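Everything numeric in this text was worked out from a predicted model, so none of it was measured.
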Amino acid sequence: MSTPSSTRRGLGIAAGLDGGLVRELAARCEQLGYRSLWSNDEPAARGLDTLAQFAAATTRVELGVGVLPLHRYAPAQIAAEVARLELDPARLWIGIGSGALPRQIDALQRAVAELRTRLPEATRLMMAAMRPRLCRLGGAVADGVLLNWMPPGEAARAREWVHEGAAEHGRAAPLVASYVRVAVGPGARRRLANEESIYRTINAGHRRHFAALGLPVGTVGIAASQRSDLLQALAPYHRALDLPIVRVLADDDTTLLRAVTHAAAP
């Protein structure tokens, strides 16, 4: 099975990888036809720094951070970092999430409004969401909504929530994307199950989310032995989403990282 050259697909990696490796992967992803490159963010590994490495090696591919948690990043700090790193706003997706803050809806609404005033106009804002209220909020105020840990059926339902939020506020529906955890080759099932096990208990929101899914550990994502199997498994995500983002699971193994990048190429 193959995918058409027009397929929109992103690739996501963990922040903090060696800069040379990040630039190599970014350049190769642009050649392979990925539409966007994404980094997460960790306390000891800043996602925006990884975006700067992406930018240094590419000219066209869009750049996204998913996501900056608002309990660690104030909007003014985000804007200052974007300016410091000289990231091109026309290529940029800034993803934010409520993180550990209470009153998620209020915090995200305020942050989006403030970021609109602080960031260059061309910058697009992506909101993290998993459940109905946040999906509808993203539809109402954001340029994109970033889902996480969802099988295709649940992703399609979440996309409907986003569209409902946009329609209620008389605006066009924003882009709906989702990280799709992908492992390829020997040990793929183990890597997916290990990653999923961590997130199932990482906080109360994730515990509720996975409980609602009711799926066994190691099934919310893709573990594949070869490219043809991976592309077949990705196809339902393309029907459910505007942008599936292949989130690479490689245990910091550069060979596996490159293998997933090539196997998932559009």
Side-chain angles (χ1 to χ4, degrees), residues 9-30 34-58 61-75 77-89 91-101 111 115 119 123-130 144 146-149 177-183 191-192 194-196 198-199 202-203 206 221 243-261 264:
R9 188 175 300 149
L11 186 93
I13 64 171
L17 294 178
D18 173 75
L21 175 61
V22 171
R23 292 191 296 275
E24 173 201 321
L25 285 172
R28 186 61 180 140
C29 283
E30 189 164 74
Y34 285 97
R35 294 293 186 91
S36 54
L37 293 169
W38 296 76
S39 174
N40 71 339
D41 183 90
E42 300 290 346
R46 293 175 178 261
L48 290 173
D49 289 340
T50 301
L51 262 60
Q53 298 289 350
F54 289 156
T58 60
V61 67
E62 296 179 355
L63 312 173
V65 61
V67 294
L68 303 176
L70 293 176
H71 72 276
R72 287 199 280 112
Y73 288 92
Q77 180 185 3
I78 295 172
E81 285 296 290
V82 169
R84 179 183 69 84
L85 294 167
E86 299 182 339
L87 296 170
D88 179 1
R91 299 170 65 191
L92 191 58
W93 287 92
I94 295 294
I96 59 170
S98 58
L101 292 181
L115 286 167
L119 290 169
T123 308
R124 290 156 294 181
L125 298 180
M126 178 79 78
M127 182 183 294
M130 296 174 75
L146 181 62
L147 311 175
N148 206 353
W149 289 112
S178 182
Y179 280 135
V180 181
R181 264 59 176 196
V182 172
R191 289 193 295 279
L192 177 58
N194 288 350
E195 181 86 351
E196 188 180 322
I198 293 170
Y199 277 88
I202 201 167
N203 57 39
H206 279 75
L243 176 68
I245 302 170
V246 171
R247 178 65 167 83
V248 180
L249 301 181
D251 290 345
D252 295 328
D253 183 313
T254 56
T255 299
L256 287 174
L257 184 59
R258 294 184 180 100
V260 176
T261 300

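A distance-only check finds no donor-acceptor pair linking the side chain of Arg181 to the backbone of Glu196 [under 3.5 Å]. Counting only distance, with no hydrogens or angles, the side chain of Asp251 and the backbone of Asp253 share no donor-acceptor pair below 3.5 Å.
By the 4.5 Å heavy-atom criterion applied to side chains, Leu119 and Leu92 are not counted as neighbours. In this structure, Leu256 and Arg191 have side chains that are in contact, with non-hydrogen atoms separated by less than 4.5 Å. At least one side-chain heavy atom of Ile245 sits less than 4.5 Å from a side-chain heavy atom of Leu146. With a 4.5 Å cut-off on side-chain heavy atoms, Asp49 and Leu85 count as touching. The closest side-chain heavy-atom distance from Ile94 to Ile78 is below 4.5 Å. For the pair Arg258/Arg28, no side-chain contact is recorded, criterion being any heavy-atom separation below 4.5 Å from C-beta on. Taking 4.5 Å as the limit, every side-chain heavy atom of Leu48 sits out of range of all side-chain heavy atoms of Arg84.
Contact between Ala111 and Ile96 at its shortest, heavy atoms only, is CB-CD1, 4.0 Å. Closest non-hydrogen pair, Ser36 versus Leu243, comes out as OG-CD2, 3.7 Å. Scanning both residues, Ser39 and Ala15, for their nearest heavy atoms gives OG-CB, 3.4 Å. Closest heavy-atom contact between Leu257 and Ala250: N-CB, 3.6 Å. In terms of heavy atoms, Met130 sits closest to Asn148 at CE-O, 3.8 Å. Closest approach of Thr123 to Pro89, counting heavy atoms only: OG1-CB, 3.3 Å.
In this structure, CG in Leu70 is found 8.0 Å from CG in Leu115, a value given to the nearest 0.5 Å. Taken from CG in Asp18 to CD in Gln53, the straight-line distance is 8.5 Å, to the nearest 0.5 Å. Atom-to-atom distance recorded for His206:NE2 and Tyr199:OH is 7.0 Å, nearest 0.5 angstrom. For the atom pair Leu51 CG and Glu62 CD, the distance stands at 11.5 Å (nearest 0.5 Å). In this structure, CD in Glu81 is found 9.5 Å from CG in Leu87, a value given to the nearest 0.5 Å. To the nearest 0.5 Å, atoms OG1 (Thr50) and CG (Leu63) are separated by 11.0 Å.
In this pair, Trp38 and Tyr179 present their aromatic rings perpendicular. The plane angle is above 60°, beyond the 30 to 60° band.
Cation-pi geometry between Arg91 and Phe54 is not met at under 6.0 angstrom from the ring centre and within 45 degrees of the axis.
A side-chain donor-acceptor contact under 3.5 Å links Tyr73 and Asp41.
Of the listed residues (Val260, Ile13, Thr261), just one forms a side chain to side chain contact (heavy atoms under 4.5 Å, CB included) with Val246, and that residue is Val260.
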